[in-house]
Number of protein chains: 2
Amino acid sequence: MRLVVATCSARYTGRLNAHLPLATRLLVVKADGSVLLHSDGGSYKPLNWMSPPCTLKTTTPDDDAAARGVTQVWTVQHAKSDDRLEIELHDVVHDSEHELGVDPGLIKDGVEAHLQALLAEQILLLGDGHSLVRREYMTAIGPVDILARAPQGGHVAVEIKRRGDIDGVEQLTRYLDLLNRDPLLAPVRGVFAAQEIKPQARVLATDRGIGCLVLDYEAMRGVDDAESRLF
Amino acid sequence: MRLVVATCSARYTGRLNAHLPLATRLLVVKADGSVLLHSDGGSYKPLNWMSPPCTLKTTTPDDDAAARGVTQVWTVQHAKSDDRLEIELHDVVHDSEHELGVDPGLIKDGVEAHLQALLAEQILLLGDGHSLVRREYMTAIGPVDILARAPQGGHVAVEIKRRGDIDGVEQLTRYLDLLNRDPLLAPVRGVFAAQEIKPQARVLATDRGIGCLVLDYEAMRGVDDAESRLF
DNA sequence: AGCTACATTTCGAAG
DNA sequence: CTTCGAAGTGTAGCT
C-alpha cells in the first residue's frame, strides 16, 4: 500500500464525467492497483477512486502541464471498461509504501437474518395463538421470510426488513397475491415487520390491509438471552 | 489528517456488532474526527469506520491487553448515537500527520437529470408523432419524469432510470393508475426508459402493458452536441 | 457468470 | 429538519 499526500487535481471519465479542482488530498494506492482519493472530511467515501481490476501508470508531465506546476501525472485505467481516472500531482508532501499482507476480513452479527430467527422463536409477537409454519417459505417468486398459522384458521405471511421501505410492501403484496391462490393456505394475511417503518410504507401497507409490526431488536435479543439461560 | 499503519484488531458495536481479527491495516483519522480502517484491497469501502460527528480517545492498554501485545487503544464514540469503534493497536509501522485544508469538492456531469433533459429534447425516440407536454409532471404521489402526448390521442408517461430495476416498474405502475383516472389525460400508456433494463423488470413491464425503451446515452448526447453546434 | 437483495450504506434534493 | 430516491454505489448469497 502506497500513501501519498499531495496537492492535486483529478478528472474521472466513465459512467459519468467529474472534475476535482486543485487541493491537498490523500492518495491511497492499494496492492490490487485500486486508487482512493480522500479529502480531510466527509464520510468513508472517497472524492474519487478507481476500483480493481485496474492499472496505475505514472508519467512525467508535458511542457504545458509542467508550466502549470504539475510534477507527476497518474493515469488509472480500469481493466474491463473505459473508466479512467487522471490525477495531476503538484507538491508532494508525503510518499511512503507499506507491506500489509492479506486481511482476514470482517465478522458480522446482527442483521436481517438474526431478526428473522428471533421473530421465528418469538412468533407470538404476531399475536396470541399464532404458530410457526416455517422460515424462508418457498414460493415460485421467492422465499417468504416467515409463514405462520393464524389462530382462527388461515395463515400469516411476514416480510422482515431492518428499515421498512415502500418496496418491501410491494414485495409482500406480490407474495400475498400468490399465496392466497393456494386453497390450503388461504386466507393469508400480511404482516410487514421492521425495526423502523417509514410513514409512506405504513400508509401503503394499511391501505392494502397489511399489518405493521415494529421490531425492538434489543428487546427481542434480551428475551432470547433469557431463554437461552434457562437451558 | 493522521495516517497510521499498524497491526490492529477492532470491534464495532452499534447498528450491528462486528469484529476484525489482528492484521496490518491503514488507519486514517480525518480532521472532523472520523476514522477509516482500510485493508490493502477490496474497494473504496473501509473494513470498519466511524462517521462524523464523533470523538477519538487514545488510551494506554490495561495489563491484560498489554500482555497480549497491545500498545494503544483507540475508542471512537459517535456523538449522537451509541455507535462505538474500539481499536487495539499492536505494532505501529507508520504514524504521520498532515494539514490538508478545506476541499473545493467534486463537480459532476451526466446523471439521470441529463438523460431526462435529452429525452425531453429527443421526444420522438418514443415514436413518431409524440410531443412533449412537460418534464417532472406533478401528480399527488410525485412527479412523473416525462409526460408526452401520443399521436393517436391519449398520453404517454415515461419513467427514466439509469438502471431499469423492478422497483422502477412498480413506481411507474402507481403513476399510471393515478393518471388514467384523469379523463383529460386517459388513456395513458407507460414507457420505462433506462440505459439498461434488467430482465425481470422487462418481464414485469411487458406483463403490465408497459413499453421498454433502452437509452443510448452517448448517442443521445451526440445528437445534442450536433444540434447545439447549429446555433 | 448473472441476478437479487442488503448495507453501520452515503449523498443529495425536495417537501 | 425529515423523507425519499440515486449511486461511478459495493457486497454477499444464490441460481
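Letters go in sequence order (proteins before strands), and every chain restarts at 1. We use all heavy atoms of the structure for the numbers below, so side chains are in, but hydrogens, waters and symmetry mates are not.
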| said: Heavy atoms within less than 4.0 Å of DNA chain C: which residues of residues 19-42 of chain A have one? Give them sorted by number. | reply: none
| query | More 5' along DNA chain D: B:Asp145 or B:Lys45, using each one's nearest nucleotide? | reply | B:Asp145
| query | Is there side-chain contact between B:Ile210 and B:Leu176, with at least one heavy-atom pair below 4.5 Å? | reply | yes
| request: Answer yes or no: is there a donor N or O on one side and an acceptor on the other, between the side chain of B:Lys30 and the main chain of A:Ser39, under 3.5 Å? | output: yes
| task | Please work out if B:Met50 contacts a base, only the sugar-phosphate, or nothing of the nucleic acid, heavy-atom cut-off 4.0 Å. | result | nothing
| query | Should A:Arg84 be listed as having a side-chain N or O under 4.0 Å from OP1 or OP2 of D:dG8? | reply | no
What pairs of nitrogen or oxygen atoms, one from the protein and one from nucleotides 12-14 of chain C, lie under 3.5 Å apart?
none

| Pairwise 5' ranking along DNA chain D for A:Leu85 and A:Asp165, keeping only the more 5' one | A:Asp165
| Centroid distance under 5.5 Å and plane angle under 30°, B:Tyr44 vs D:dG10 | no
| task | By nearest nucleotide on DNA chain C, pick out whichever of A:Glu159 and A:Arg163 is the more 5' one. | result | A:Glu159
| Backbone N/O of B:Ala31 and side chain of A:Asp40: donor-acceptor pair under 3.5 Å | yes
| query | Are the side chain of B:Thr173 and the backbone N or O of B:Val169 linked by a donor-acceptor pair below 3.5 Å? | reply | yes
| According to a strict under-4.0 Å criterion, is A:Ser81 in side-chain N/O contact with OP1 or OP2 of D:dG8? | no
| If you find the nucleotide of DNA chain C closest to A:Leu106 and the one closest to A:Ser43, which residue's nucleotide is nearer the 5' end? | A:Leu106
| task | Return yes if some donor-acceptor pair links the side-chain N/O of A:Arg25 with the main-chain N/O of A:Cys8 below 3.5 Å, else return no. | result | yes
| message | I need the CG-C1' distance between B:Leu47 and C:dA7, as an integer number of Å. | response | 15 Å
| Across the strands shown, which category fits A:Ser51 at heavy-atom distances under 4.0 angstrom: base, sugar-phosphate, nothing? | base
| field | Rounded distance in Å - CD (A:Gln116) to P (C:dC6) | value | 11 Å
| said: Salt bridge check, A:Arg134 against A:Glu136: does any charged N sit closer than 4.0 Å to a carboxylate O? | reply: no
| message | Rounded to whole Å, how long is the line connecting atom CZ of A:Arg15 with atom P of D:dG10? | response | 6 Å
| request: Take the protein atom CD1 of A:Ile107 and the nucleotide atom P of D:dT11, then report the distance between them rounded to whole Å. | output: 17 Å
| note | Whole-Å distance, B:Lys198 NZ to C:dA1 C1', equals 14 Å
| Is any side-chain N of the basic residue among B:Lys57 and B:Glu86 closer than 4.0 Å to the acidic one's carboxylate O? | no
| query | Taking 4.0 angstrom as the limit, do A:Arg174 and A:Glu159 come out as a salt bridge? | reply | no
| task | Give a yes or no on whether a salt bridge exists between A:Arg135 and A:Asp145, defined as a side-chain N under 4.0 angstrom from a carboxylate O. | result | no
| message | In this structure, how many angstroms lie between the C1' atom of C:dT4 and the CG atom of B:Leu204, rounded? | response | 14 Å
| task | Verify side chain to side chain contact (heavy atoms under 4.5 Å, CB included) between A:Leu126 and A:Val158, making sure each step is shown before the conclusion. | result | CA-CA 9 Å; A:Leu126 295 177; A:Val158 185; 3.9 Å; yes
| message | Considering every strand and a 4.0 Å limit on heavy-atom distances, what is the contact class for A:Asn48: base, sugar-phosphate, or nothing? | response | base
| query | Is A:Glu196 paired with A:Lys161 through a side-chain N to carboxylate O contact shorter than 4.0 Å? | reply | no
| Where do B:Arg68 and B:Glu88 land on the salt bridge (charged side-chain N to carboxylate O under 4.0 Å, His left out) test, with the steps shown first? | CA-CA 10 Å; B:Arg68 281 185 286 114; B:Glu88 290 185 342; 3.0 Å; yes
| query | Using atom C1' of each nucleotide, how far apart are D:dC14 and C:dT8 to the nearest Å? | reply | 24 Å
| Interatomic distance, B:His78 NE2 vs C:dT8 C1' [rounded to whole Å] | 10 Å
| query | Counting only side-chain N and O atoms of A:Lys161, is one of them less than 4.0 Å from OP1 or OP2 of C:dC6? | reply | yes
| message | Using a 3.5 Å limit on both distances, find every run of at least three consecutive Watson-Crick or G-U pairs that involves DNA chain D. | response | C:1-7 with D:9-15, C:9-15 with D:1-7
| field | Interatomic distance at C1', D:dG8 relative to C:dA14, whole Å | value | 24 Å
| message | Pair A:Val5, B:Leu3 - check side chain to side chain contact (heavy atoms under 4.5 Å, CB included), show working. | response | CA-CA 10 Å; A:Val5 178; B:Leu3 303 176; 4.0 Å; yes
| Taking CG from B:Leu16 and P from C:dC6, how many angstroms apart are they, rounded to a whole number? | 15 Å
| C:dT10 phosphate, OP1 or OP2: any side-chain N/O from B:Trp49 under 4.0 angstrom? | yes
| message | Students often get this wrong, so: under 4.0 angstrom with heavy atoms, is B:Gln171 touching a base, only sugar-phosphate, or nothing? | response | nothing
| query | Where the side chain of A:Arg162 is defined as all heavy atoms beyond and including C-beta, which of C:dA7, D:dG8, C:dT10 is the nearest nucleotide? | reply | C:dA7
